[in-house]
Amino acid sequence: MQKKFHLLEDSHGFSVSLVLDGLLVGLAAGFVAICYRLLLTYGEDLLFTIIHFTKTHPAWIPVWFLALVIMGIIVSCLVSWEGMSSGSGIPQVQGEMKGYLNQNWLKVILAKIVGGTLCIIGGLSLGREGPSVQLGAMTGKGAAKLTKKSATKERYMITCGAGAGLAAAFNAPLAGVMFSLEELQKNFNSSMLVCVITGCAAADFISKNFFGLLPVFDFHLHSALPLKDYWLLLLLGILLGVCGAFYNFVMLKGQDLFRKIPLIPAKYRIVLAFLLSGIVCYFLPQILAGGHAMIELLDGQRPILSFMVILLIGKFLFSAFCFGSGAPGGIFFPLLVLGAYLGAIFGTIAIEQTGLESFYMVNFITISMAGFFTAIVRAPITGILLIAEMTGTFEHFLSLAVVCLISYMTAHLLKSEPIYESLLGRILAKNGLKQNDGPEHKVLRSFSIGAGSMACGKQIKEIDWPDHCLIVMIQRGKEEIITKGNTIIHPGDTLVAFVDENYLGMVTETIQLISGEIQMP
């Protein structure tokens, strides 16, 4: 008879502790994300006020360009001071979760908030949501450090903070929970779920107190698309998958091109994005900043087809240029805007050619946001929940699922790597990166055994486990079994491993392959 032993902690005490930790992180991360969201909202308002003023007072245009250069230099210095503040921030959080990175939480928060705000005032086509995820994650890390939590609890609080940041940015707590588990943690254990749900609910509560109960996108759906017209969703899913793969390709190429710009020192190339914004603001101001102006056009009297195509192409190229510069800011909201316009263009053509009622245009717009997000990020469940919450309705859940799955498969067949994983690979490949050297802690990780896992039915000793870890326990229902060499692994078991944090990324990915949590490519 194998002995029961509560290795982690007393189950009731552990649950209460996770709820309290999640509440602390959710409130703190939500507050930081709300402050960032407010700063960016006021920054965007200031941007369009300046544009209107300089259009009516042309003598001030040179002053505005000088201000853009100064803002660009300040942002460049901030990115140089804290390199992890560059870009979206989601790849950096992924790297932290895998054990490759060890970010300075306070420096990242300061550099991201100041740099991101200046980028929006400067008109750069960058989003707030990716940075909000990083800000939330770093707030969770800071809370763990200040309260002297264990390395395992710290990882829980980082994941919780990331979800809370997204929940506060989008007023979407379910999407925050799912994003944390599907994209960051890639592990659906119950302990993590308790902590993340608490944090996302707390962040959403304080966010709604600031921004109200209305969804982010005020699209009103008349009714779900008829089943007989679902063949249109097949075409739309394929289109979004192809466009998503192309988007990932261009975004990465944009970074490559920026690195090859001659004469200008790499540190100050961000200034070019600010200068381009100064030009764009007088010819196509709708594509500036995150893209709220473009969404408002779709929500009102929609532009004609040709102008929507111009806005789509302009926003896409401008976003690639801004993101390629390495400025602090994400692609999350801009890619949703691009998805909305792909849906609007597709819907316009479909309605004209098939005789569908015009009110179905809103369906194509919202469904396309989810499908485009899925093709780029490769997180279909998050995409479905995110758009459902942001539009305030789950009525078209089936059509969302159909388009997301088709776009997911299309992008996969085109061998397009998920954008955040590609960006993380580039971060890790940079010269001088310290891959979490120096931690002295061991971390407890849990892994769920799937029905198709290569470990099912085998003894512990029969599995070629990676180095730098020890399988210490199996959780089988309410039973906790200390493992021996002849302990047999069953489907549905949860393995608990002690892992050297220096090798956390490598060990985690290897055991996930063994357990069936991720599949071989």
Side-chain angles (χ1 to χ4, degrees), residues 1-22 97-99 144 147-160 180-181 184-198 436 439-520:
M1 177 70 66
Q2 295 184 352
K3 183 181 179 182
K4 290 178 67 179
F5 176 59
H6 295 286
L7 176 70
L8 295 176
E9 286 183 44
D10 171 74
S11 56
H12 298 291
F14 192 50
S15 298
V16 171
S17 173
L18 288 173
V19 170
L20 294 176
D21 290 340
M97 296 305 302
K98 291 183 177 182
T147 55
K148 302 186 186 316
K149 299 293 184 183
S150 67
T152 301
K153 280 286 189 70
E154 181 179 312
R155 289 174 54 78
Y156 278 35
M157 294 170 77
I158 290 173
T159 306
C160 175
S180 297
L181 301 178
L184 299 179
Q185 183 68 16
K186 300 185 185 295
N187 186 1
F188 288 74
N189 71 74
S190 58
S191 297
M192 178 70 72
L193 190 61
V194 168
C195 186
V196 174
I197 288 177
T198 305
N436 201 28
E440 300 175 352
H441 300 286
K442 300 295 185 293
V443 178
L444 278 175
R445 288 300 314 273
S446 59
F447 303 89
S448 300
I449 301 296
S453 164
M454 67 178 70
C456 286
K458 293 185 179 180
Q459 298 179 1
I460 292 288
K461 63 184 178 183
E462 294 176 329
I463 306 296
D464 185 18
W465 303 104
D467 295 333
H468 312 293
C469 76
L470 177 65
I471 308 300
V472 293
M473 187 182 73
I474 288 178
Q475 292 179 319
R476 185 171 297 156
K478 294 184 178 180
E479 187 178 10
E480 296 177 345
I481 304 169
I482 299 299
T483 56
K484 298 179 181 178
N486 61 355
T487 302
I488 297 176
I489 301 172
H490 295 171
D493 283 350
T494 297
L495 297 182
V496 179
F498 256 133
V499 183
D500 186 336
E501 197 174 11
N502 281 296
Y503 303 93
L504 183 59
M506 179 272 293
V507 171
T508 296
E509 293 181 6
T510 303
I511 299 182
Q512 284 178 332
L513 286 171
I514 294 172
S515 67
E517 287 187 4
I518 58 176
Q519 304 295 321
M520 289 291 289

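These figures come from a predicted structure and were not determined experimentally. Values below: all heavy atoms of this structure, side chains included; hydrogens, waters and symmetry mates excluded.
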In Å and rounded to the nearest 0.5 Å, what is the [atom1] to [atom2] distance from [X] to [Y]?
X: I488; Y: D493; atom1: CD1; atom2: CG; result: 10.5 Å
X: I449; Y: R476; atom1: CD1; atom2: CZ; result: 10.5 Å
X: S453; Y: H490; atom1: OG; atom2: NE2; result: 12.5 Å

Is the shortest side-chain heavy-atom distance between [X] and [Y] below 4.5 Å?
X: I460; Y: K484; answer: no
X: V472; Y: I482; answer: no
X: Q459; Y: N486; answer: yes

With A144, which residues qualify under side chain to side chain contact (heavy atoms under 4.5 Å, CB included), at least two apart? K149, E154, M157

Using a 3.5 Å distance criterion without hydrogens, assess whether the side chain of T483 forms a donor-acceptor pair with backbone atoms of I471. yes

Hey, is the main chain of S180 close enough, under 3.5 Å, to the side chain of T159 for a donor-acceptor pair? no

Specify the closest pair of heavy atoms between [X] and [Y], including all atoms of both residues, with the distance to one decimal.
X: L495; Y: I474; value: CD2-CG1, 3.5 Å
X: I489; Y: A455; value: CB-O, 3.6 Å
X: C160; Y: C195; value: SG-O, 3.3 Å
X: T198; Y: V19; value: CG2-O, 3.3 Å

Step by step, work out the side-chain contact (heavy atoms from CB on, under 4.5 Å) result for D21 and Y156. CA-CA 9 Å; D21 290 340; Y156 278 35; over 6 Å; no

